[in-house]
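Comments concern the structure below.
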Amino acid sequence: MTSITSVELNYLVFRYLQESGFTHSAFTLGYEAGINKCTIDGSLVPPGALITFVQKGLQYLEMEANLSNNDAEMDEDFSFLQPLDIITKDVNQLRQMVKEKRKNIQKDRIKDRDKDKDKEVEREHEGERGRIREKERTEKEKEREKEREKEREKEREKEREKAESNKEREKQPEELAYRDMVLDQVDKDVARHEENGTLAGPEPMDIATTSTFASHDACEIHSSEVTILEGHTSEVCACAWSPTGSLLASGSGDSTARIWTISDGLFKSGGKNSPLNVLVLKHVKGRTNEKSKDVTTLDWNGEGTLLATGSYDGQARIWTTTGDLRTTLSKHKGPIFSLKWNKKGDYLLTGSCDKTAIVWDVKAEEWKQQFEFHTGPTLDVDWRNNVSFATSSTDNMIYVCRIGETRPIKTFAGHQGEVNCVKWDPTGSLLASCSDDITAKIWCMKQDKYVHDLREHSKEIYAIRWSPTGPGTNNPNQQLVLASASFDSTVKLWDVEQGKLLYSLNGHRDPVYSVAFSPNGEYLASGSLDKSMHVWSLKEGKIVKTYTGNGGIFEVCWNKEGDKIAACFANNTLCVLDFRM
């Protein structure tokens, strides 16, 4: 008899967690169970395999309970059982339940036959009643014809009254002109409210789903404005534009990163990118799709000359723009979840499932300092300046660290769930964080407690981003705002001075994984598992462009000019949208 091994069961559970969006649980199980070492070919395991496997088992037990010495009964009286009964009772108890159900079915059939006889008698009586009703219908039809004649007479009377009324109206042009003017003003007021998207009530900034989709067709991006980038053989988890050129980097579960050259000429022809415009950065020799080599994160240095990638194998790699592997950085003992260059470009920061963060000296090609403060996997890291940074973890904690210091220079405790993301504002004075505890928080170095506790989402918050606006940015006269993306399918914009909600952008139908501000701070792109990317105008609080692909979206990003947006999809592709308003 065939049996399932613990390794196979672990893999099925791992895949179930991945497919259900329990990313951190999947990472932890994969790490502790050594999924990367198993010999199972993931491409042969279909989606939903664990659910299918459990259902097959339940169906087998159900079939076994229904079988008796006389198999002919089964087709006729197959009895469905509840899953809880199948799991908690043995086969003999289940067979007894099936017998009881069959007895009840037989009783029901006898009742049904009696009902059929009653119905036959009823049909005979109905036939007699039908003939009587036919006579009544004929009489009623005659009555109706008389009524119609009366109605026609009334209509003629109304026509005569209308003619008289028209004569009267000609005598009163001033009254009519005034009335028309009033009606016209009302229409204008209504039109103005509709145009502004304002609704009656105390929260005019809250953008309802209905108004968001009112002009959906009008703002749908045409295929001629979209370039599809194909080549990856697994989901594309990360993407990033070079800060200085037309290069787009992508990282995938197929053990490769890719550097695509995106020229304006692509949009004139539309369609797919040719293989000549891409460099493949292989993270493993030989076959791809090894789960231990997933490229989980990537980041360009400030000059756009080097690309760093973080992988599930715990190694960070640094590549040139020509696709050459320059450095491999090995010290982590678990997958790298986050990786960032400092502004100067001399240090690289990595955060790992091994609970640590490491600062690497890029020129010396070695680790400078390892920070071991968290008690759970490090989920995100972000530089404050060239020598200090923040880290967040599944242990609910945030630490601010500095190179050369052996203890955190600041500890932020306040979240009640895993802290998914941390981001410093453009000046490095405020730190934003978001968590599975359904809150985002804003912190500053002058106090231990959070400055603002942002509590308007109804599910886990996956990502946060600061706008490139306010003091110290290229857009100093615009207000600094914070965007948060949540599993509740919404994106929310916050006034960081007041700690209050500015907008709730309700255009998606599934969890939102990524948000990105345009370089001028006027637009926000959002990508969701509902396969759609929306571009919102922050002045109007509404969708101005939208594109729907063929897979969930994991990340969206703008190029430095703000005229192209990239998105990476679960169906192994990227797309680049031409954005000009």
Side-chain angles (χ1 to χ4, degrees), residues 229 231-232 236-252 256-263 273 277-283 294-311 315-329 336-351 357-363 365 380-386 389 421-424 426 428 463 465-466 468 473-474 514-519 525 527 554-568 574-577:
L229 306 179
H232 282 296
V236 187
C237 325
C239 60
W241 288 95
S242 164
T244 57
S246 58
L247 300 180
L248 174 66
S250 60
S252 167
T256 73
R258 291 172 191 241
I259 298 176
W260 313 79
T261 302
I262 309 298
S263 61
N273 196 7
N277 295 329
V278 61
L279 299 169
V280 180
L281 317 180
K282 292 186 177 180
H283 287 58
D294 278 20
V295 180
T296 52
T297 180
L298 42 78
D299 192 38
W300 291 94
N301 68 346
E303 296 174 354
T305 55
L306 297 173
L307 176 70
T309 60
S311 170
Q315 293 184 330
R317 295 170 175 84
I318 298 175
W319 311 78
T320 67
T321 54
T322 55
D324 297 319
L325 177 60
R326 176 172 151 173
T327 312
T328 301
L329 305 171
I336 293 174
F337 289 161
S338 182
L339 157 154
K340 300 279 169 56
W341 292 89
N342 69 346
K343 192 172 184 179
K344 190 176 174 183
D346 55 343
Y347 292 133
L348 184 67
L349 172 64
T350 55
I358 297 177
V359 171
W360 306 85
D361 186 325
V362 176
K363 193 172 183 181
E365 298 187 358
D380 198 21
V381 295
D382 197 47
W383 289 99
R384 183 187 183 207
N385 49 42
N386 283 315
F389 58 90
C421 188
V422 282
K423 287 284 175 291
W424 291 99
R465 291 291 183 275
W466 292 95
T473 71
N474 293 330
S514 179
V515 285
F517 284 93
S518 63
F554 293 126
E555 189 162 20
V556 294
C557 57
W558 296 77
N559 67 344
K560 69 178 187 343
E561 293 84 9
D563 61 4
K564 291 184 181 67
I565 314 166
C568 54
L574 294 95
C575 77
V576 179
L577 311 179

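In this view, Asp346 and Asn342 satisfy the side-chain hydrogen bond (donor to acceptor under 3.5 Å, both in side chains) rule, not counting sequence neighbours. Applying the salt bridge (charged side-chain N to carboxylate O under 4.0 Å, His left out) rule to Lys423 yields the partners Asp380; only residues at least two apart in sequence or on another chain are considered. Taking Asp299 as the reference, nothing meets the salt bridge (charged side-chain N to carboxylate O under 4.0 Å, His left out) condition, with sequence neighbours excluded.
Between the OG1 atom of Thr309 and the CD atom of Gln315 there is a distance of 9.5 Å, given to the nearest 0.5 Å. Atom OG of Ser338 and atom CG of Leu349 lie 7.0 Å apart (nearest 0.5 Å). Here the straight-line distance linking atom CD of Glu365 with atom OG1 of Thr328 works out to 9.0 Å at 0.5 Å rounding. A distance of 6.5 Å separates OG1 of Thr321 from CD1 of Ile259, quoted to the nearest 0.5 Å. Between Thr244 atom OG1 and Asn559 atom CG the span is 11.5 Å, to the nearest 0.5 Å. Taking OG of Ser242 as the reference point, atom CD1 of Ile262 lies at 12.0 Å (rounded to 0.5 Å).
Between the Asp361 side chain and the Lys363 main chain, a donor and an acceptor come within less than 3.5 Å of each other. Judged purely by atom type and a 3.5 angstrom limit, Arg384 uses its side chain to pair as donor or acceptor with the backbone of Gly428. The backbone N or O of Asp382 sits less than 3.5 Å from a side-chain atom of Trp424, completing a donor-acceptor pair. Side chain of Glu555 to main chain of Cys568: no donor-acceptor pair is present (N/O by atom type, distance under 3.5 Å, no hydrogens or angles).
Using modelled atom types, one finds no donor on one side chain facing an acceptor on the other under 3.5 Å when comparing Asn301 with Glu303. Counting only N and O atoms by type, the side chains of Asp294 and Thr296 include no donor and acceptor under 3.5 Å apart.
With a 4.5 Å cut-off on side-chain heavy atoms, Leu281 and Thr256 do not count as touching. Side chains of Thr327 and Leu306 form no contact here, defined as non-hydrogen atoms less than 4.5 Å apart. Using a 4.5 Å heavy-atom threshold, the side chains of Val576 and Trp241 count as touching. Using a 4.5 Å heavy-atom cutoff, the side chains of Leu574 and His232 are in contact. Here the side chains of Thr261 and Leu247 are in contact, with some heavy-atom distance below 4.5 Å. Between Val278 and Leu229, the closest side-chain pair of non-hydrogen atoms is not below 4.5 Å.
Across all their heavy atoms, Pro426 and Thr473 have their closest contact at CB-CG2, 3.5 Å. The two residues Pro519 and Lys560 come nearest to each other via the heavy atoms CG-O, 3.4 Å. Considering all non-hydrogen atoms of both residues, Val556 and Ala567 come closest at CG1-CB, 3.9 Å. Here the closest heavy-atom approach between residue Ala257 and residue Val295 is recorded as N-CG2, 4.1 Å. Val362 and Leu348 make their closest contact through CG2-N, 3.9 Å (heavy atoms, listed as atom of the first residue, atom of the second, distance). Across all non-hydrogen atoms, the minimal contact from Cys237 to Phe554 is O-CB, 3.7 Å.
Ring planes of Trp383 and Phe389: perpendicular class, angle over 60° (limits at 30 and 60°).
Around the CG atom of Asn474, the shell of radius 6.0 Å holds no more than 12 heavy atoms that belong to other residues, nucleotides or ligands.
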